[in-house]
Amino acid sequence: MELETVELKVEMVGIHEKRLRKCLSKLRGIEKVEVDANSQKVVVTGYAHRNKILKAIRRGGLKADFWSAQNELLSAYASASYGNLRFNNFNFS
């Protein structure tokens, strides 16, 4: 099996990154795990099959799916609009 990079969207808050890393540490062949909590993007590099990686994360109780172009757009939109959030006439900038 060759080295593969798998991009995933994982719904995470706070301590979920620790749980995610624990789930992936049980899989053989994982070389590197990169987590971007802001965009909820996880990049896993290793010799494990992409479906096994996804299954391991879901088994750990986290919502996950393969990253898509749509996630890229949503992530860019969220980070661009984050600077000017308004809730009930209160500014958060």
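Residues: numbered from 1 along the sequence shown.
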cation_pi(Arg50, Phe66) dist<6.0 Å, angle<=45: yes
Heavy-atom pair with the smallest gap, counting every atom of Glu11 and Gln40: CA-OE1, 3.6 Å
Separation between CD of Glu17 and NZ of Lys22, rounded to the nearest 0.5 Å: 15.0 Å
Spacing of His49 atom NE2 and Leu54 atom CG [to the nearest 0.5 Å]: 11.0 Å
Any Val6 side-chain heavy atom under 4.5 Å of Val43 side chain: no
Stepwise side-chain contact (heavy atoms from CB on, under 4.5 Å) test for Val44 and Leu27: CA-CA 11 Å; Val44 181; Leu27 279 181; over 6 Å; no
Side-chain heavy-atom pair Lys55, Arg59 within 4.5 angstrom cut-off: yes
Lys9 side, atom NZ; Lys63 side, atom NZ - distance, nearest 0.5 Å: 11.0 Å
Closest non-hydrogen atom pair, Cys23 against Gly60: SG-CA, 3.4 Å
Check: Arg28 side chain, Ala48 main-chain N or O, donor-acceptor pair, under 3.5 Å: no
Sub-4.5 Å side-chain heavy-atom contact between Val42 and Met12: yes
Residue pair Val33 / Arg21: nearest heavy atoms and the distance that separates them: O-NH1, 3.3 Å
Residues forming a salt bridge (Lys or Arg N to Asp or Glu O under 4.0 Å) with Arg19, sequence neighbours excluded: none
Tyr47 versus Glu2, closest heavy-atom pair with distance: CD2-C, 3.6 Å
Any side-chain heavy-atom pair of Lys41 and Val10 under 4.5 Å: no
Separation of Thr5 OG1 from Lys32 NZ (nearest 0.5 Å): 7.5 Å
Value rounded to 0.5 Å, distance of CD1 in Ile53 from CD1 in Ile30: 4.0 Å
Contacts of Glu4 that satisfy salt bridge (Lys or Arg N to Asp or Glu O under 4.0 Å) - sequence neighbours left out: none
Evaluation steps, side-chain contact (heavy atoms from CB on, under 4.5 Å), between Leu8 and Trp67: CA-CA 4 Å; Leu8 301 142; Trp67 190 264; 5.6 Å; no
